[in-house]
Engineer: 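My questions will all concern the structure given below.
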Amino acid sequence: MRHSHIEMGFSAAEIIARRLPVIWWGMVRPSAASQAEMTKMMVEKQMAFAEACFAVQIEVFRAMLAPWTPASAEQVMQAALGPSARRVKANLRRLRR
């Protein structure tokens, strides 16, 4: 699946705009829900990074196994963006509710 940089950029900006009030209220009046949201925000970024690193390694390994059909930079980039793009879309759907 192809991930658009522009689409991800706009979606990420909307997520930030929707989360900032939650973060602010979580600092003014801490609650279990606000702490859970803050923890989820941090953990999902760490997981997306780890998954992206693994996906890039897989693409590079595939290129090593078939040197006559090298992986393009686009394939490697799409593999790296995949985990983040999935999370951005999921967050946007969840936060729009």
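The figures that follow rest on heavy atoms only: side chains count, while hydrogens, waters and symmetry mates do not.
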Engineer: Picking from Val28, Leu20, Val22, what satisfies side chain to side chain contact (heavy atoms under 4.5 Å, CB included) with Trp24?
Structural biologist: Val28
Engineer: How long is the gap from CG on Leu92 to CE on Met8, to the nearest 0.5 Å?
Structural biologist: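 Answer rounded to 0.5 Å: 11.5 Å.
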Engineer: Applying side chain to side chain donor-acceptor pair (under 3.5 Å), can you list everything that pairs with Ser84, at least two apart in sequence or on another chain?
Structural biologist: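 If we apply the side chain to side chain donor-acceptor pair (under 3.5 Å) test to Ser84, skipping adjacent residues, there are no hits.
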Engineer: Using modelled atom types and a 3.5 Å cut-off, is there a donor and acceptor pairing between side-chain atoms of Ser34 and backbone atoms of Pro30?
Structural biologist: no
Engineer: Run the side chain to side chain donor-acceptor pair (under 3.5 Å) test against Arg96 and tell me which residues pass, sequence neighbours left out.
Structural biologist: Glu14
Engineer: I need the minimum non-hydrogen distance between Met38 and Ile23, along with the two atoms involved.
Structural biologist: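 What the structure gives for the nearest pair is SD-CG1, 3.8 Å.
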Engineer: More than 12 non-hydrogen atoms from neighbouring residues, nucleotides or ligands closer than 6.0 Å to CE on Met41, yes or no?
Structural biologist: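 Yes, because the 6.0 Å sphere around CE of Met41 holds more than 12 heavy atoms from other groups.
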Engineer: Among residues at least two apart in sequence or on other chains, which ones pass side chain to side chain donor-acceptor pair (under 3.5 Å) with Thr39?
Structural biologist: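 Side chain to side chain donor-acceptor pair (under 3.5 Å) check on Thr39 returns nothing, list empty.
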Engineer: Distance from Ile58 atom CD1 to Gln75 atom CD, nearest 0.5 Å?
Structural biologist: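 Atom-to-atom, Ile58:CD1 and Gln75:CD are 13.5 Å apart.
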Engineer: Show the nearest heavy-atom pair for residues Val56 and Ala79, with the distance to one decimal.
Structural biologist: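 Closest approach of Val56 to Ala79: N-CB, 4.5 Å.
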Engineer: According to side chain to side chain donor-acceptor pair (under 3.5 Å), does anything in residues 40-53 pair up with another residue at least two apart or in another chain? List the pairs.
Structural biologist: Arg19-Glu44, Glu44-Asn91, Glu51-Arg87
Engineer: Can you name the residues that form a side-chain contact (heavy atoms from CB on, under 4.5 Å) with Leu65, not counting sequence neighbours?
Structural biologist: Phe61
Engineer: Which value, rounded to the nearest 0.5 Å, describes the distance between Arg18 atom CZ and Ile16 atom CD1?
Structural biologist: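 That separation rounds to 13.0 Å.
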Engineer: Considering only Ile, Leu, Val, Met, Phe, Trp and Tyr, and joining two whenever side-chain heavy atoms are under 4.5 Å apart, list the other residues clustered with Met42.
Structural biologist: none
Engineer: Kindly compute the distance separating CZ (Arg93) from CD1 (Ile15), expressed to the nearest 0.5 Å.
Structural biologist: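 Spacing of CZ (Arg93) from CD1 (Ile15) equals 10.0 Å.
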Engineer: Are Met64 and Val76 linked, directly or through intermediate hydrophobic residues, by side-chain heavy-atom contacts shorter than 4.5 Å (ILVMFWY only)?
Structural biologist: yes
